[in-house]
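Lettering follows sequence order; numbering is per chain, from 1. Note that this is a predicted model, so its numbers are computed, not measured.
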Amino acid sequence: MNVYADFQSRLAAMLEKRVAAGELLRDLDLDRFVVEPPRDAAHGDLSTNAAMVYAREIKLAGSTPRAFAESLSADLAREPDVLKIEVAGPGFINIVLKPEVYQQVLRTILVEGERYGAGPRSKSGPVNVEYVSANPTGPMHVGHARGAVFGDALANLLQFSGRDAVREYYINDAGAQVDVLARSAFLRYREALGEDVGPIPDGLYPGDYLKAVGETMAREFGPALREKPEPQWLPLARKRATDAMMAMIRDDLAALHIEHEVFASERELTGADGGVDRVREAIEALRAKGFVYEGRLPPPKGAPSDDWEDREQTLFRSTEFGDDVDRPLIKSDGGYTYFAGDIAYHKTKIDRGFLTLVDVWGADHGGYVKRMQAAVAALSDNRARLDIRLCQLVRLMRGGEPVKMSKRSGDFVTLREVVDEVGADAVRFIMLMRKNDAPLDFDLAKVIEQSQDNPVFYVQYAHARVRSVLRQGQAAFPDFDLAPSAFAGADLALLTDDGERDLMRALAQYPRTVLQAAEAHEPHRVAFFAHELATRFHAHWNRGKDLRSLRFVNENNGKLSYARLSLVTAVGLVLASALSILGVSAPEEMR
RNA sequence: GGCUCCGUAGCUCAGUUGGAUAGAGCAGCCGCCUUCUAAGCGGCAGGUCGCAGGUUCGAGUCCUGCCGGAGUCGCCA
């Protein structure tokens with residue numbers, strides 16, 4: 001039940017009738033107006049700009065927005081659930097609803113439970129959400145966490161809003177750096193065989209996490225590989241090292257409650273190990289459409305680069321789709337560029353039937369957005385839409401001081417360390433409280449603080465407080481059935497206090513918030529909603545300190561207590577629902 | 001130099017896809033605990049929404065140009 005969407009369609013019907021009656025132009029775009037909660041509660045429960053957005057059409061029909069608003073209000077006033085209506089300013093229509101509407105909202109929440117606000121199954125088809133996609137060359141560090149949490153919450157949000165969402169991870173296991181990884185693992189293999197390898201040379205990965213790979217290889221091969229030439233052991237070491245790294249990364253992600261359904265290997269797409277060369281197929285598909293050619297690029301402008309070599313190469317005509325220059329697909333050594341592999345990967349998404357694609361990248365990849373969108377447009381003949389969400393950097397702090405992250409390898413802070421220290425809930429919620437394209441300070445000291453400075457705690461506490469109140473209510477009235485569905489018999493008309501109304505208004509906005517957050521691909525809106533609802537709940541709870549009569553549980557008034565406990569239950573259900581979209585737990589108590 | 005993102009209270013950030021008098025939290029000041037967990041709540045004060053134009057009934061939001069910051073700029077991923 002979405003009050004705003006409900007009135008939106010009723011108004012649309014009224015406008016259509018006027019069009020049919022010849023009062024307005026024929027092809028009126030009925031999506032242009034909105035019905036929204038006014039910023040100022042004094043303006044009522046609903047507000048619409050319908051009379052103003054069609055000002056031009058209204059003028060043509062010989063009226064004014066204000067007069068048109070008056071006339072629309074007359075129609076709206078006849079709606080059974082409208083209590084009061086008035087035209088304000090240049091033509092806003094403000095609607096005050098009968099209390100029964102909010103009582104109905106409450107009943108809906110109690111019946112639907114955590115499904116309240118969830119969208120009906122969408123007809124827009126499945127969404128593909130690709131996120132994390134970190135190189136399999138070591139453990140995840142905190143920088144990866146933001147995109148990981150963002151992508152995961154976005155997928156949750158899309159699913160809640162009715163889309164099918166598939167979570168994918170693209171494994172960058174084809175480039176030179178995985179060869180470096182393999183050599184690093186081979187060194188650890190020799191070490192595991194008892195050889196003194198000394199300090200790890202520059203250019204190899206020094207992390208201890210490769211020791212286990214070396215030991216596994218020593219057990220598997222014994223000394224057999226040691227004297228072989230590199231071309232013989234490299235593929236073996238690469239396979240074992242990348243497999244081990246992916247297992248480690250999946251473990252790190254699991255600690256954040258993140259699980260992908262599809263892992264796509266770049267190396268597999270290139271056909272390097274004998275499979276079909278999907279990259280070549282993708283390039284040929286683009287060539288067939290006329291978007292691939294052999295040509296030369298102008299040298300980069302600005303800072304002159306020493307190693308610029310003018311040469312003819314295979315180029316994708318991304319400028320056709322708004323990119324600045326065309327982009328190379330084949331490197332000078334004959335291998336595919338990263339971009340070429342990514343094109344092939346995105347082609348598999350399109351081939352699998354996805355027309356809505358979301359990629360979550362670090363902000364340092366911002367320069368690749370246009371070419372990737374160009375490739376998706378070219379591959380799908382403009383049918384697929386690729387939204388790329390860039391996540392800004394995370395600055396790790398402790399008590400206001402930046403945590404030093406030396407470039408010296410092995411000295412970075414791993415994701416696992418942070419999760420072990422502050423917990424998955426804190427990491428997830430903080431990362432989601434900020435818009436993804438704004439930088440974020442993550443303070444290790446603050447996020448475990450139990451105070452209102454810490455939004456994780458604040459929101460979880462609101463939920464715990466709900467549960468506590470319900471326990472108190474049960475203690476005071478042992479006969480009460482506090483199962484959500486049992487509240488059908490509660491007399492909700494008893495909920496007349498401003499604070500209670502305020503809470504119900506907030507609850508009524510949840511479906512709208514979720515819908516908008518899903519459409520905008522902005523899970524942080526759900527986090528802000530949860531925080532806002534928590535604020536209202538804490539505020540109302542506190543009024544019960546001054547005025548005993550406002551407390552949820554009144555020992556000498558069972559009917560009233562029961563009605564209020566139904567409201568408390570609804571608040572708890574919606575908080576739990578929002579938290580579950582964010583992937584954060586809703587605790588029973590905070591101790 | 002090109003492109004992308006950002007610029008809102010002293011600080012950290014929201015801002016309902018163009019709506020009404022721009023909102024929270026922190027920090028500051030003033031109040032509220034014989035408690036449904038004060039791990040909280042209320043109040044006061046705080047603003048040329050970077051600057052200048054433009055679009056229209058209406059701009060923090062859209063367009064153009066500047067200023068300032070971050071990222072990025074063929075063969076890294």
**Prompt:** Per the atom types in the model, does the base of B/A77 pair as donor or acceptor with the side chain of A/D342 at under 3.5 Å?
**Reply:**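 No such pair is found, so the answer is no.
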
**Asked** Is there a donor on the side chain of A/R512 or the base of B/U16 sitting less than 3.5 Å from an acceptor on the other?
**Response**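 Counting by modelled atom types and ignoring angles, a donor-acceptor contact under 3.5 Å is found here.
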
**Prompt:** Cation-pi between A/R525 and A/F528: NZ/CZ under 6.0 Å from ring centre and within 45° of the ring axis?
**Reply:**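 Not flagged: A/R525 not positioned over aromatic ring of A/F528.
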
**Item:** Aromatic A/Y4 / basic A/R512 pairing, under 6.0 angstrom, 45° off normal
**Value:**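 That pair qualifies as a cation-pi contact.
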
**Request:** Ignoring the backbone of A/Y368, work out which of B/A20, B/U16, B/C75 is nearest its side chain.
**Result:**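 My answer, after comparing the listed nucleotides, is B/C75.
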
**Asked** Which nucleotide, B/C57, B/U4, B/U17, lies nearest any side-chain atom of A/E519?
**Response**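 Closest of the options to the side chain of A/E519: B/U17.
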
**Request:** Would you check if A/Y461 stacks with the base of B/G40, given a 5.5 Å centroid limit and a 30° plane limit, both strict?
**Result:**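 No; by the centre-distance and plane-angle rule, A/Y461 does not count as stacking on B/G40.
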
OP1 or OP2 of [N] sitting under 4.0 Å from any side-chain N/O of [X]?
X: A/Q472; N: B/U35; answer: no
X: A/K435; N: B/C5; answer: no
X: A/T337; N: B/C75; answer: no
X: A/R32; N: B/U17; answer: no
X: A/H365; N: B/C5; answer: no
X: A/K545; N: B/A38; answer: yes
X: A/R39; N: B/A20; answer: yes
X: A/Y336; N: B/A77; answer: no
X: A/R371; N: B/C73; answer: no

For [X], answer base if it contacts any base atom (sugar-phosphate contacts may also be present), sugar-phosphate if it contacts only those atoms, and nothing otherwise; contact means non-hydrogen atoms under 4.0 Å.
X: A/A476; value: nothing
X: A/G544; value: base
X: A/P65; value: nothing
X: A/V553; value: nothing
X: A/E266; value: sugar-phosphate
X: A/R465; value: sugar-phosphate
X: A/A520; value: base
X: A/D333; value: nothing
X: A/P439; value: sugar-phosphate
X: A/V53; value: base
X: A/S47; value: base
X: A/N49; value: base
X: A/A363; value: sugar-phosphate

Looking only at the aromatic ring of each residue, does the gap between the centers of [Y] and [X] stay below 6.0 angstrom?
X: A/F537; Y: A/F552; result: yes
X: A/F68; Y: A/Y54; result: no
X: A/F480; Y: A/Y562; result: yes

Just how far, in rounded Å, is [atom2] of [N] from [atom1] of [X]?
X: A/R434; N: B/A14; atom1: CZ; atom2: C1'; result: 9 Å
X: A/D323; N: B/C73; atom1: CG; atom2: P; result: 14 Å
X: A/H538; N: B/G25; atom1: NE2; atom2: C1'; result: 13 Å
X: A/N454; N: B/C13; atom1: CG; atom2: C1'; result: 15 Å
X: A/D324; N: B/G71; atom1: CG; atom2: C1'; result: 15 Å
X: A/H524; N: B/U17; atom1: NE2; atom2: P; result: 13 Å

**Asked** Measuring from A/R278:CZ to A/L269:CG, what's the distance to the nearest 0.5 Å?
**Response**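 Output value for this atom pair is 8.0 Å.
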
